[in-house]
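Encoded as structure tokens, the structure appears first; notes follow it.
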2 protein chains.
Amino acid sequence: MASPDTRIVDLKKLQLACEECSLHELCLPLELQHEDIEELDRIIHKRRPLHRGDYLFRMGDPFRALFAVRSGSIKTYTNTDEGEEQVTGFHLPGELVGLDAITEGCHPCAARALETTSVCEIPFERLEEISTHIPGLQRQLLRLMSREILTEQDTMIWLGKKSAEARLAALLLRFSDNYRRRHFSPTEFNLSMSRTDIASYLGLAVETVSRLFTRFQHEGLLEVERKHVRLRDLEGLRRIAGVESCLHNHC
Amino acid sequence: MASPDTRIVDLKKLQLACEECSLHELCLPLELQHEDIEELDRIIHKRRPLHRGDYLFRMGDPFRALFAVRSGSIKTYTNTDEGEEQVTGFHLPGELVGLDAITEGCHPCAARALETTSVCEIPFERLEEISTHIPGLQRQLLRLMSREILTEQDTMIWLGKKSAEARLAALLLRFSDNYRRRHFSPTEFNLSMSRTDIASYLGLAVETVSRLFTRFQHEGLLEVERKHVRLRDLEGLRRIAGVESCLHNHC
DNA sequence: CGTCGCTTTGAGCCATATCAATACGCGTGG
DNA sequence: CCACGCGTATTGATATGGCTCAAAGCGACG
């Protein structure tokens with residue numbers, strides 16, 4: 001058993017780590033007792049940062065751990081029938097990667113860093129073990145997965161229905177919100193992914209994405225210079241994106 | 001404690017119920033011990049059948065239970081900004097409904113029966129309770145949710161990328177597979193949903209869906225008469241749908 | 001037998017894909 | 001330090017798939 005003093009010290013270190021990680025409201029269930037948080041922290045492995053292009057895992061790799069993005073960004077993708085990359089998601093700080101691998105026991109998609117990126121590795125077996133005696137953790141896990149399902153459903157809807165401009169606007173706003181939550185500028189940031197990646201993710205042609213950026217710029221919605229964007233009219237973008245995330249608003 | 005005899009009887013009843021329900025490989029983890037299965041069965045509530053148009057739950061209803069479709073079919077939907085229905089999913093026997101409600105604690109979409117439909121109701125609180133002392137159950141729950149995420153991702157991809165004909169073909173094949181698994185004819189069945197529902201779900205115009213059916217028929221891929229379809233060329237449909245479910249094939 | 005809702009069919013148009021060419025930025029080697 | 005070359009991004013011209021609007025067909029049900 002830890003003495004009160006060391007417990008305080010440990011907790012401080014932990015708090016800092018997870019503040020920094022900006023996952024504190026997400027991956028750390030606030031209801032958990034101190035001992036439980038410590039136990040959780042003990043199994044989480046902080047990896048050395050990935051560099052641009054590094055694989056977090058490859059398609060078909062055995063599933064051993066979930067990953068929480070702490071900083072940077074990750075893209076996940078599969079291959080289409082014709083062998084091209086099909087981007088299935090962009091994962092920003094505070095988001096989990098690998099939830100889709102639990103069922104089959106291996107990763108159905110590959111994950112690569114889009115820039116210098118650090119992640120927490122959460123060994124799944126051990127997470128399952130400790131969650132059997134920490135009810136709050138189990139519940140939190142289910143909630144996280146449910147949230148993921150909700151998000152995917154949401155995405156599905158706008159991919160199915162919305163116009164190209166709505167899709168791009170929605171994506172930019174998603175980035176913006178993530179930055180805001182992490183106390184970075186919600187209006188000025190760099191896109192870590194290529195136009196091709198964006199196009200693939202949004203189900204559009206690269207040319208369309210490019211044209212949209214130029215058009216948005218002409219319309220005064222944003223300024224864009226290669227990877228760097230500055231959103232000048234969030235309200236306008238929201239209007240274009242449609243009252244996004246319809247699913248969340250009715251509860 | 002039950003005597004050996006009654007246990008056997010109970011199990012038989014249960015097996016039958018779940019054979020019929022065709023969820024045995026899905027919602028009943030095979031690794032579970034008999035006692036565990038019995039405990040699970042005890043909390044599952046078999047409702048009286050719903051009729052066409054009946055609500056299973058409405059948007060915003062508090063989340064109390066997951067539902068497993070035993071027979072019939074359910075559609076889930078939200079409302080778009082303009083107040084029209086946006087179908088988010090069709091749920092066939094063996095599939096779960098409500099997984100997206102766990103996070104928020106209330107249903108982000110409504111669910112209605114498309115035909116006479118029976119479901120099992122699985123009170124979530126109690127499921128969580130018993131899964132704390134049945135590790136296999138917990139794991140199975142996570143797997144189920146992971147599978148759901150995978151499926152949604154899959155759907156997302158073809159909604160984003162694929163042509164109208166590929167979407168419709170993929171949907172028909174999904175129905176076909178479900179019927180095959182349940183030992184019904186995989187080539188001849190009734191569509192329980194309207195053309196409008198199909199269109200909404202696939203992100204297409206009703207007219208397009210209608211035209212596609214006629215075209216498929218002319219091309220000898222299927223025969224269609226109102227709700228009744230007969231798939232005549234599964235291979236052809238698969239070709240059109242694209243090697244669907246790319247995500248599952250790489251593990 | 002008429003009405004109503006759902007489905008099909010037709011005609012024209014628009015958004016986005018496709019094809020093709022050019023521009024830009026960045027790293028490399030001379 | 002410059003010139004080259006390659007990958008990425010932009011821009012233009014054209015084609016087309018799917019949407020929209022409009023109307024007619026068909027079934028179910030009172």
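What you see is a predicted model; the values in this text were computed from it and never measured. Side chains are part of it too, since the values below use all heavy atoms of this structure and drop only hydrogens, waters and symmetry mates. Per chain, numbering begins at 1; letters A, B, ... match sequence-line order.
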Exercise. Please work out which of the three classes, parallel, tilted or perpendicular, describes the rings of A:Trp158 and A:Tyr201, given edges at 30° and 60°.
Key: perpendicular
task = Classify the nucleic acid contact of A:Ser194 as base, sugar-phosphate or nothing, counting any heavy atom under 4.0 Å across all strands shown.
result = sugar-phosphate
Original post:
Does the distance from a Lys or Arg side-chain N to an Asp or Glu carboxylate O, for A:Arg58 and A:Asp61, drop under 4.0 Å?
Top reply: no
Between A:Glu207 and A:Arg226, the residue closer to the 5' end of DNA chain C by nearest nucleotide is A:Glu207
To the nearest angstrom, the NZ-P distance between A:Lys161 and C:dA15 comes to 18 Å
(Q) Under 4.0 Å, heavy atoms only, any strand: does B:Lys227 hit a base, just the sugar-phosphate, or nothing? (A) sugar-phosphate
Would you please say whether a donor-acceptor pair under 3.5 Å links the side chains of A:Gln86 and A:Thr80? no
CZ (B:Phe63) and CD1 (B:Ile102) are apart, to the nearest 0.5 Å, by 4.5 Å
Taken to the nearest whole Å, CD/B:Glu165 to C1'/D:dT16 is 13 Å
N/O (side chain, A:Ser210) to phosphate O (OP1/OP2, D:dT11) under 4.0 Å: no
Rounded to whole Å, the NE2-C1' distance (B:His218 to C:dT8) equals 11 Å
Atom NE2 of A:His228 and atom P of C:dG25 are separated, to the nearest Å, by 15 Å
Quick note, A:Ser163 side chain, CB onward, closest among C:dT16, D:dG18, D:dC19 is C:dT16
B:Ile198 CD1 to C:dC6 P, in whole Å, measures 14 Å
Ranking A:Leu212 and B:Phe213 by the position along DNA chain C of their nearest nucleotide, the one closer to 5' is B:Phe213
Out of C:dT9, C:dA17, D:dT20, minimum distance to the side chain of B:Ala205 belongs to D:dT20
Check: Looking only at side chains, do B:Thr76 and B:His91 share a donor and an acceptor under 3.5 Å apart?
Finding: yes
Atom CZ of B:Arg215 and atom C1' of C:dT9 are separated, to the nearest Å, by 15 Å
- Query: Reckon B:Thr208 has a side-chain N or O less than 4.0 Å from the OP1 or OP2 of D:dG17?
  - Reply: no
Quiz item: Between A:Arg211 and D:dT11, does any side-chain N or O lie under 4.0 Å from OP1 or OP2?
Solution: no
Here the distance between atom P of C:dA15 and atom CD1 of A:Ile240, to the nearest Å, is 14 Å
Here the distance between atom P of C:dA15 and atom CG of A:Leu202, to the nearest Å, is 18 Å
